[in-house]
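On a predicted model such as this, the values are computed, not experimentally measured, just so you know. Indexing begins at 1, ligand by ligand and atom by atom, following the structure's order. The residues of the chain are indexed from 1 along the displayed sequence.
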Amino acid sequence: MSASLDEAREVLRRTFGHSEFRGLQAEVIAEVLAGRSTMAVLPTGGGKSLCYQIPSLLRPGLGLVVSPLIALMTDQVAGLQQSGVAAARLDSNVDLDERARTWRRIEAGELDLLYLSPEGLMQPWMLDRLSRTPLALVAIDEAHCVSQWGHDFRPEYRMLGRLAELFPQVPRLAVTATADARTREDIRSELRLEGSREFVASFARPELALSAERKRGAGHKRVLELVKERPNRSGVIYAGSREGTERLAQALVEAGVPALAYHAGLDKAVRAERLESFLEAEAAVMVATIAFGMGVDKPDVRFVIHADPPASIEAYWQEIGRAGRDGEPAEGLTLYGSADMAWALRRLEGREVDEGVKQVQARKVRQLYAMLDGASCRAAAVRRYFGETDVAPCGVCDLCLNAPEATDMTEAAQKALSAVHRLGGRYGRGRLVDHLLGKTKDVSDFEAGLSTFGIGAELDASGWRDLLDQLLFEGLLREDPNDGRPLIGLGDAEAVRATYRGERRVNMRKAEPGAARGGRARRRGEPPADMSPHDAPLFEALRAWRRDEAARQHVPPYVIFHDRTLAEIARLRPGGLSALGAVSGVGEGKLARYGAAVLAVLAEAA
Ligand code: ADP
Ligand code: ZN
């Protein structure tokens with residue numbers, strides 16, 4: 001007799017302290033409780049982990065969770081232990097004593113959840129040992145890692161396909177936050193889920209206000225401005241290189257912002273220490289390469305800034321998605337340029353993968369820039385990319401708030417294309433602009449004699465540079481790297497011809513310097529803006545208590561209670577344990593652990 005959804009709801013209430021399932025959680029959980037394998041694509045912050053945690057608690061046996069990163073496992077296990085759940089992890093960071101203890105608990109049937117890396121799970125001795133252990137389910141987190149069409153392919157995930165035959169009676173649950181239709185196909189075939197149901201939630205993240213702007217000039221000035229406009233808040237800034245993270249962090253520190261750099265080139269201990277101080281801080285800025293991220297579940301990240309653009313829309317959504325995991329308003333801001341796009345495409349060409357994969361990846365790069373440089377709702381563009389239909393504009397992104405005025409620039413574009421054609425793709429951007437304006441220094445007779453020389457009086461130099469960018473984004477022009485002195489040549493021949501004939505129009509949005517001011521995310525310092533002044537001191541007192549408690553236990557504060565839960569407590573001022581237990585986020589485990597202390601804080605403040 002399998003457990004029912006009512007029992008699942010009871011666990012949700014008692015153990016996790018939430019009153020209702022969210023989105024597709026109930027459906028996914030019901031499927032797994034019935035013993036059926038399934039795949040679920042839920043947005044970041046959508047509550048994927050409960051989809052396997054709750055069935056692991058309800059089904060007999062041990063729930064295995066496969067996860068790509070140790071940081072992710074560490075956080076989840078710490079959170080579960082706080083809620084009184086018997087969970088453990090076996091990864092390379094766990095010492096021998098701890099391992100032995102964990103195995104004893106497994107063999108005594110005392111453990112409900114075990115977190116493992118894919119290569120850890122698939123070791124023969126591990127499989128052998130687990131084959132003698134009753135299993136509740138196998139959850140494969142970040143399942144998009146199995147697909148080479150995805151954006152984060154991890155070859156070791158491929159081995160997980162064998163789980164179907166190794167544990168034919170055990171339901172497998174593949175979960176991910178980002179997978180376009182093709183990646184979903186791949187997950188299903190690689191993980192042998194062909195006959196299984198698939199749950200795909202909406203990708204909407206209404207709390208996220210998105211914006212993007214073209215890079216202007218070199219350097220970090222714009223990033224510094226953006227950060228300074230958002231004081232006392234936690235944020236993540238992604239930069240394209242290790243060196244870039246160091247320099248930017250340095251510049252931020254000099255500007256008085258508590259910033260840390262994070263990248264894979266740092267010593268492991270330094271990384272761990274910085275990660276910990278970021279997680280435990282209430283306002284800190286992490287300047288990182290993409291080595292930082294997956295599995296960093298700090299819920300109160302209020303902004304993510306791409307100082308350099310991400311690699312694809314999947315990566316964009318995942319990286320931006322690290323803001324606002326607590327559901328409170330947050331922002332995602334992206335700086336991008338045509339040189340970034342050229343570089344991304346160039347790097348792809350150098351990769352040793354099938355031609356077919358390369359083409360897919362190149363298309364992903366173009367789709368990303370089309371979205372960044374587009375003129376209509378960004379959130380809607382992303383959701384359509386993930387296959388959603390009937391998507392309404394979000395109403396909070398820069399483009400929704402400030403619909404850019406588009407100007408038809410087809411005629412100027414024709415001039416630029418023909419200048420590039422006449423010059424034979426031998427020049428870079430600066431020289432091209434000079435040519436259009438008839439300002440080329442020491443111009444040769446050949447060049448001065450071309451019909452395109454000086455035909456561009458309608459725009460000034462920066463206008464032409466913007467237009468050239470636009471043509472690069474649209475693929476009408478392409479940039480040849482030429483060892484760091486890029487040359488501009490014609491792009492897609494078909495599209496160029498259509499533009500010459502006027503069948504394809506080139507619309508450009510009016511450049512708005514500093515457009516990324518955009519999003520309307522209510523800027524929340526602390527306390528939350530919608531908190532009444534009456535509750536704020538109590539909220540602060542609760543946070544101070546939490547800070548001490550977290551420091552004592554050496555865990556991030558949000559593992560104890562989220563801000564949202566503390567705000568709710570400050571508002572409701574529960575008079576006793578049972579009222580406190582009714583607050584969302586206060587399960588039985590936490591009530592037993594912290595109930596008295598929280599009530600004491602309330603009493604003291606009264
Ligand atoms: P993700 O899908 O990104 O892995 P998590 O499982 O980490 O998301 O959940 C994100 C946050 O949402 C967590 O803080 C979790 O406690 C909260 N959450 C999950 N399910 C619910 C629910 N049904 N009601 C309220 N909060 C929930
Ligand atoms: Zn929008």
Visitor: Given side chains that start at C-beta, do those of Tyr262 and Leu275 come closer than 4.5 Å, heavy atoms only?
Guide: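 Result yes, sub-4.5 Å side-chain heavy-atom pair found.
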Visitor: Pick from Glu540, Glu282, Glu280: which one makes a salt bridge (charged side-chain N to carboxylate O under 4.0 Å, His left out) with Arg547?
Guide: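 Output: one option passes, namely Glu282.
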Visitor: Taking all atoms of both residues into account, what is the closest heavy-atom pair of Gly35 and Arg59, and its distance?
Guide: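 It is CA-NH1, 3.5 Å.
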Visitor: Starting from atom 12 (O) of ligand 1, what is the nearest protein heavy atom, named by residue and atom, and what distance separates them?
Guide: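 The protein heavy atom lying closest is Arg22 NH1, 3.1 Å.
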Visitor: Out of all atoms in ligand 1, which are within 4.0 Å of some heavy atom of Phe21? Include the element for each.
Guide: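 By the 4.0 Å cutoff, the relevant atoms are 23 (N).
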Visitor: Using a 4.0 Å cutoff against the non-hydrogen atoms of Arg325, which atoms of ligand 1 qualify?
Guide: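 Close to Arg325: 1 (P), 3 (O), 4 (O), 7 (O), 8 (O).
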Visitor: So do Arg89 and Thr102 actually touch side chain to side chain, heavy atoms under 4.5 Å?
Guide: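 Answer no - side chains too far apart.
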Visitor: Closer than 4.0 angstrom: is that true for some heavy atom of Leu50 and an atom of ligand 1?
Guide: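 It does; at least one heavy atom falls under 4.0 Å.
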Visitor: Looking at side-chain heavy atoms only, is the closest gap between Ser234 and Val285 below 4.5 Å?
Guide: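 SC-SC contact between Ser234 and Val285 ruled out.
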Visitor: Is the contact between His18 and ligand 1 made by the side chain, the backbone, both, or neither, using heavy atoms and a 4.0 Å cut-off?
Guide: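 Only the side chain of His18 comes within reach of ligand 1.
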Visitor: Near Glu20, which atoms of ligand 1 are under 4.0 Å from a heavy atom of that residue?
Guide: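 Within the 4.0 Å cut-off of Glu20, ligand 1 contributes 22 (C), 23 (N), 24 (N).
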Visitor: Taking the Zn ion (ligand 2) as the vertex, how big is the angle to SG in Cys400 and SG in Cys397, rounded to 10°?
Guide: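 Rounding to the nearest 10 degrees gives 110°.
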Visitor: Testing the basics here: between Thr178 and Phe203, what is the closest heavy-atom pair and its distance to 0.1 Å?
Guide: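 Heavy atoms only, the tightest pair is CA-CE2, 4.3 Å.
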Visitor: Does only the side chain of Gln25 get under 4.0 Å from ligand 1, or the backbone, or both, or neither? Count heavy atoms.
Guide: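 For Gln25, the contact with ligand 1 is made by the side chain alone.
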Visitor: Taking the six-membered ring of Phe278, is NZ or CZ of Lys298 closer than 6.0 Å to its centre and within 45° of its axis?
Guide: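 Positive - Lys298 is close enough to the ring of Phe278 and near enough to its axis.
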Visitor: At the Zn ion (ligand 2), what angle lies between atom SG of Cys394 and atom SG of Cys377, rounded to 10 degrees?
Guide: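 So the angle at the metal works out to 100°.
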Visitor: Heavy-atom contacts with Pro43 under 4.0 Å: which atoms of ligand 1 show up? List them by number with element.
Guide: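 Close to Pro43: 2 (O).
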Visitor: State the atoms of ligand 1, each with its element, that fall below the 4.0 Å cut-off from a heavy-atom position in His562.
Guide: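 Those qualifying, in numeric order: 14 (O).
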Visitor: Side chain or backbone, does Gly47 bring an N or O within less than 3.5 Å of an N or O on ligand 1?
Guide: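 Looking only at distances, the answer is yes, because the N/O contact criterion of under 3.5 Å is met.
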Visitor: What I want to check is whether the side chains of Asp326 and Tyr558 have a donor and an acceptor closer together than 3.5 Å.
Guide: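 No, no side-chain donor-acceptor pair sits under 3.5 Å.
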Visitor: In terms of atom number and element, which parts of ligand 1 are under 4.0 angstrom from non-hydrogen atoms of Ser49?
Guide: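 Once the distances to Ser49 are compared, the set is 5 (P), 6 (O), 7 (O).
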Visitor: Out of the candidates Gln318, Arg184, Glu314, Arg154, only one should pair with His144 under the side-chain contact (heavy atoms from CB on, under 4.5 Å) rule; please name it.
Guide: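 Going through Gln318, Arg184, Glu314, Arg154 one by one, the side-chain contact (heavy atoms from CB on, under 4.5 Å) with His144 is satisfied by Gln318 alone.
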